[in-house]
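Worksheet for the structure shown next.
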Amino acid sequence: MSEPIIKFDKVVKRFGDLTVLDELDFQVEQGEKVTIIGPSGSGKSTVLRVLMTLEKINEGVVYIGGEPLWHESRNGKLHEASEAHLRKMRNQMGMVFQQFNLFPHMTVLRNLTEAPVRVLGMSKADVRQRGEELLDLVGLSDQKDKYPHQLSGGQQQRVGIARALAMRPRIMLFDEPTSALDPELVGEVLNVIRRLAKEHDLTMLLVTHEMHFAQQISDRVCFFDKGKIKEQGTPEELFKAPKEARTQEFLKAVL
Ligand code: ADP
Ligand code: MG
């Protein structure tokens, strides 16, 4: 098998006395769709935040596409990562947050085109065309000139997904993308993610409490507990025949 696209090697993350990632070993293969489930406070969001370089780690190494996230080799020596290196790593990933975090003063289309023009230096015409294709993909072509506050939560989150995709990431990270939504709006967002999961080459790492959905789209489900993977397997294995008592207990409470 080729090199994993994401690899955590004995990663420790602490906040003061609290160990949030406890010598975590975790990897994701190119194109794999992986779901992280687990109790609140088990370190799920921290995994995604570390990948986006929003949190530094205390020990271990994180690799993206085989390259260390926090270090780079220059002249045959390993140095602390430069801002340019971090940006290069970050640009391979798109993240969708629980709170949609759209730019409130920009139209829907402008939310999608701003970063590709500014950060990637792509031409306005190309970016605009790509933006319109992505709005079509998430079913919002007719909303492109509206402002975020004029949209429902479900529509805003679909814009959030399109905006992340506009940066042409190899990896999409989702942190409880439907948790802030009214129940009747959850389905439309899950449908968009479901559609994306069919993209063969796109790697997806998703934290969710939607167990039925996780079962449908995941190649692999990881159950996190206290900063470690307590148990992992195919959805079939994990949901139908969990081995660990802790997993059984968690699933009994949420299913
Ligand atoms: P999860 O997403 O699984 O609910 P998180 O990864 O968000 O868990 O958090 C893991 C633990 O780390 C929690 O106990 C949380 O309170 C703590 N934590 C997260 N961010 C910070 C921070 N910036 N400062 C202090 N503690 C934090
Ligand atoms: Mg979280």
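Indexing begins at 1, ligand by ligand and atom by atom, following the structure's order.
For the pair Leu18 and ligand 1, the shortest N or O to N or O distance does not fall below 3.5 Å. The distance criterion of under 3.5 Å between nitrogen or oxygen atoms is met by Gly41 with respect to ligand 1.
Taking only non-hydrogen atoms, the option from Glu176, Gln98, Lys44 nearest to atom 3 (O) of ligand 1 is Lys44. The option from Leu21, Thr46, Leu48 that lies nearest to atom 9 (O) of ligand 1, judged by heavy atoms, is Thr46.
Heavy-atom separations between Gly38 and ligand 1 are all 4.0 Å or longer. The closest approach between a heavy atom of Pro39 and any atom of ligand 1 is below 4.0 Å.
A side chain to side chain donor-acceptor pair (under 3.5 Å) with Glu188 is found for one member of Arg158, Gln157, Gln155 and no other, namely Arg158. When the options Lys10, Lys13, Arg14 are evaluated for a salt bridge (Lys or Arg N to Asp or Glu O under 4.0 Å) with Glu59, the one that passes is Arg14.
One finds no salt bridge joining Glu132 and Arg130 here, because no Lys/Arg side-chain nitrogen approaches an Asp/Glu carboxylate oxygen to under 4.0 Å. A salt bridge does not link Asp219 with Lys33: every distance from a Lys NZ or Arg NE/NH1/NH2 to an Asp or Glu carboxylate oxygen is 4.0 Å or more. Here Glu231 does not pair with Lys243 in a salt bridge; the nearest charged N to carboxylate O distance is not below 4.0 Å. Lys252 and Glu249 are not joined by a salt bridge, as no carboxylate oxygen comes within less than 4.0 angstrom of a charged side-chain nitrogen.
There is a side-chain donor-acceptor pair under 3.5 Å between Arg90 and Thr53.
Ranking protein heavy atoms by distance to atom 12 (O) of ligand 1, first place goes to Val20 CG2, 3.2 Å. Looking at atom 7 (O) of ligand 1, its nearest protein heavy atom turns out to be Ser45 CB, 3.5 Å. Closest to atom 23 (N) of ligand 1 among all protein heavy atoms lies Phe15 CE2, 3.5 Å.
By the 6.0 Å contact criterion, CD on Glu184 is enclosed, its count of non-hydrogen atoms from other residues, nucleotides or ligands being greater than 12.
For atom 20 (N) of ligand 1, the nearest protein heavy atom is under 4.0 Å away. Atom 15 (C) of ligand 1 is never approached by the protein to below 4.0 angstrom, counting heavy atoms only.
Between the Mg ion (ligand 2) and Ser45 there is an N/O/S contact shorter than 2.8 Å.
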